[in-house]
Amino acid sequence: MNGAQDMGGMHGFGPVAPEPDEPVFHAEWERRAFALTLAMAMPGGWNIDMSRFARESLPPGEYLARSYYEIWLAGLERLMAERGLVSAAEIAAGAPQGAAKPVARVLSRSDVLQVLHRGGPTERPATAPARFEAGDRVRARNMHPATHTRLPRYVRGHVGTVERLHGCHVFPDTNALGKGESPQWLYTVCFAGTELWGADADPAVRVSVDAWDSYLEPA
Amino acid sequence: MSRDPHHHDHDHSELSETELRVRALESILTQKGYVDPAALDLLIETYETKVGPRNGARVVARAWSDPGYRARLLADATLAIAELGYLGRQGEHIVALENTPRCHHMVVCTLCSCYPWPVLGLPPVWYKSAPYRSRVVADPRGVLRDFGVELPTGTEIRVWDSTAEIRYLVVPMRPAGTEGWSEERLAALVTRDSMIGTGLARTPAEVA
């Protein structure tokens, strides 16, 4: 979706402000919001693409006004509300109203390290050969789905070169909607800075994205 | 103090409202049996004290010291990094990018905040911020200046936007004057920013 999360190439946000000796978290609530978000994926049953879609579905003004963990919190509340796990009224009241909905599994302390170590690999066995090989010229499709996608606006319509093949990976555009993993070949596609930003751009800059097969067409 | 997050006191900052909301949420989720607070504590402890850029610095220092390891890292970083015990969430598929005098790599996630957790920990605020995500793909040299880094104009800058589940780790150039150094001494030169590409490794003079 063409939401506020798709920031590549926007102007006006000012300089990057590194913080010396930055702590991992800046407040106790950030610690808890982080951990709640990780822990709730198991009983909630959503995947990482659904989580990203929930966060980027915030209205652009709100997305830009909120801090990072405030965006996570809003995304978590949305995912839980959609599944009838926690309602806005319960959060307002600060207490459960009614019985808990049964969930398949809860993340226990003894499972934490194993779950983190296992992670969530997204590579799947290839069922067909790759359409492109390294060195092929490809165009990023001009597409504007209103739902989740991982093809940023700043490369759409532009021509680049396939640089690496990564095997077949879960396709976020369908996975975010609960329509299946539909794995596709994934490529690193590299663009000249001048292709993306015009003749005035730095000629010694190249930018790549990782693009699924259906984001691309031969050029 | 009211537990109602919509209750406004004049001495309530917006932050404390968020704090109340998160507390309310954790309480509800615990009462409903959806979360185990002890599991939350361990998640926090892990990323606050166990997993961080020290891990990545060990990887880089080994690559600088051991040509065989360097070759394995560049061929399959996920496997090579797992040799040191670092693996899992947000590092399921890692690619290592070696900086050279001709080419300097920088990593971003313009769409969210993808970052190689097992080797770098959780990302700093600036990495997740609009200024970095918007600008580094269009004006990486300008972003480097924000970090006090100026590269020769002839050095190509190669920006990697992490739009899928591949995570990128930059291997900075080994500083001059470190011949014969132990891996432990070398690791102290490897900063978090040098493994994202917004910085360079420290020089021996900088740590003396």
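Note: hydrogens, waters and symmetry copies are ignored here, and every other heavy atom, side chains too, is used. Each chain gets a letter, A, B and so on, in the order the sequences are listed, and its residues count up from 1.
Here the closest heavy-atom approach between residue A/R150 and residue B/C109 is recorded as NH2-SG, 4.0 Å. Counting all heavy atoms, side chain and backbone alike, A/P15 lies closest to B/P131 at O-CB, 3.5 Å. Between A/S108 and B/A39, the shortest heavy-atom contact is C-CB, 3.8 Å. Contact between B/I166 and A/L186 at its shortest, heavy atoms only, is CG1-CD2, 3.8 Å. A pairwise comparison of heavy atoms in A/F13 and B/S134 identifies CD1-OG, 3.4 Å as the closest pair. Heavy atoms only, all atoms of each residue included: A/V207 and B/R158 are closest at C-NH1, 4.0 Å.
Residue B/R54 places its CZ atom among 12 or fewer non-hydrogen atoms of other residues, nucleotides or ligands, all under 6.0 Å distant. At most 12 non-hydrogen atoms from other residues, nucleotides or ligands lie less than 6.0 angstrom from CD of B/E184. Applying the 6.0 Å contact sphere to CZ of B/R72 captures more than 12 heavy atoms from other residues, nucleotides or ligands.
Within the 3.5 Å criterion, the main-chain N or O of A/G120 finds a donor-acceptor partner in the side chain of B/E92. Judged by distance alone, with hydrogens and angles left aside, the side-chain atoms of A/W29 form no donor-acceptor pair with the main-chain N or O of B/E17 at under 3.5 Å. Side-chain atoms of B/R133 do not come within 3.5 Å of backbone N or O of A/M7 as any donor-acceptor pair. Panel note: side chain B/Y34, backbone A/K101; a donor-acceptor pair is recorded below 3.5 Å. Here the side chain of A/E22 pairs a donor or acceptor atom with the backbone of B/V125 at under 3.5 angstrom.
When heavy atoms are compared at a cutoff of 4.5 Å, B/P124 approaches chain A by way of both its backbone and its side chain. Heavy-atom distances place no part of B/V136 under 4.5 Å from chain A, backbone and side chain included. For a residue to count as touching a neighbouring chain, one of its non-hydrogen atoms must lie under 4.5 Å from one of that chain's; by this rule B/T155 touches chain A with the backbone only. Both the backbone and the side chain of A/L107 come within less than 4.5 Å of a heavy atom in chain B. Heavy atoms of A/E77 lying under 4.5 Å from chain B belong exclusively to its side chain. If you measure heavy-atom distances from A/D6 to chain B, the contacts under 4.5 Å come from both the backbone and the side chain. Looking at A/V205, the atoms closer than 4.5 Å to chain B (heavy atoms on both sides) sit in the backbone and in the side chain alike. With a threshold of 4.5 angstrom between heavy atoms, B/L42 approaches chain A through its backbone and through its side chain. Residue contact with chain B, scored on non-hydrogen atoms closer than 4.5 Å, involves the side chain of A/H26 exclusively. Heavy-atom distances place no part of A/F171 under 4.5 Å from chain B, backbone and side chain included. No part of A/Q114 comes within reach of chain B, as not one of its non-hydrogen atoms sits under 4.5 angstrom from that chain. Contact annotation for A/P121: both backbone and side-chain heavy atoms come within less than 4.5 Å of a heavy atom of chain B. For a residue to count as touching a neighbouring chain, one of its non-hydrogen atoms must lie under 4.5 Å from one of that chain's; by this rule B/R141 touches chain A with the side chain only. Contacts of A/V24 with chain B are made by side-chain atoms alone, with heavy-atom separations under 4.5 Å and no backbone atom involved. Both the backbone and the side chain of A/E90 come within less than 4.5 Å of a heavy atom of chain B. Neither the backbone nor the side chain of B/T78 comes within contact range of chain A; no heavy atoms are under 4.5 Å apart. Both the backbone and the side chain of B/L40 come within contact range of chain A, each with at least one heavy atom under 4.5 Å from a heavy atom of that chain. Looking at A/T188, only its side chain comes within 4.5 Å of chain B, counting heavy atoms on both sides.
If you take CE on A/M10 and CZ on B/R135, they are separated by 14.0 Å, rounding to the nearest 0.5 Å. Atom CZ of A/R31 sits about 7.0 Å away from atom CD1 of B/I44, to the nearest 0.5 Å.
Taking a cutoff of 4.0 Å between a charged side-chain nitrogen and a carboxylate oxygen, B/K128 and A/E70 do not qualify as a salt bridge.
Counting heavy atoms from C-beta outward, B/V95 and A/R164 have side chains that approach closer than 4.5 Å. Residues B/V22 and A/E30 have side chains not in contact (no heavy-atom distance under 4.5 Å, counting atoms from C-beta outward). Using a 4.5 Å heavy-atom threshold, the side chains of B/T163 and A/Y215 count as separate. Within the 4.5 Å cutoff, the side chain of A/D202 has no heavy atoms near those of the B/I157 side chain. For the pair A/R109 and B/L43, the minimum side-chain heavy-atom distance is 4.5 Å or more. Two residues are said to be in side-chain contact when any heavy atoms from C-beta on lie closer than 4.5 Å; B/V137 and A/F191 fail this criterion. Counting only heavy atoms from C-beta outward, the side chains of B/S113 and A/R55 never approach each other to under 4.5 Å.
Below 30°, between 30° and 60°, or above 60°: for A/H169 and B/H93 the angle between ring planes is above 60°, a perpendicular geometry.
Comparing B/L122, B/V108, B/T198 by how many heavy-atom pairs each has under 4.5 Å with chain A, the most go to B/L122. Between chain B and the residues A/W212, A/Y69, A/F34, the largest count of heavy-atom pairs under 4.5 Å involves A/F34. When the candidates B/A138, B/G33, B/S162 are compared by the number of heavy-atom contacts under 4.5 Å with chain A, B/A138 comes out ahead. By number of non-hydrogen pairs under 4.5 angstrom with chain A, the leading residue of B/I28, B/D36, B/T46 is B/I28. In terms of heavy-atom pairs under 4.5 angstrom with chain B, the leader among A/I48, A/L151, A/L85 is A/L85. Among A/R105, A/M80, A/R52, the residue with the largest count of heavy-atom pairs under 4.5 Å with chain B is A/R52. If you tally non-hydrogen atom pairs under 4.5 Å between each of A/G14, A/P43, A/P96, A/G3 and chain B, the highest count goes to A/P96. The candidate with the highest count of non-hydrogen atom pairs below 4.5 Å against chain A, out of B/T110, B/L111, B/L25, is B/L111. For chain B, the option among A/A17, A/A99, A/A35 with the highest count of heavy-atom pairs below 4.5 Å is A/A35. For the set A/A39, A/G9, A/P18, the count of heavy-atom pairs under 4.5 angstrom toward chain B peaks at A/P18.
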Run the side-chain contact (heavy atoms from CB on, under 4.5 Å) test on A/L116 and B/Y47 for me, step by step, so that the C-alpha distance in whole Å, both residues' side-chain angles and the decisive distance to 0.1 Å come before the verdict.
CA-CA 11 Å; A/L116 294 178; B/Y47 287 103; 3.5 Å; yes

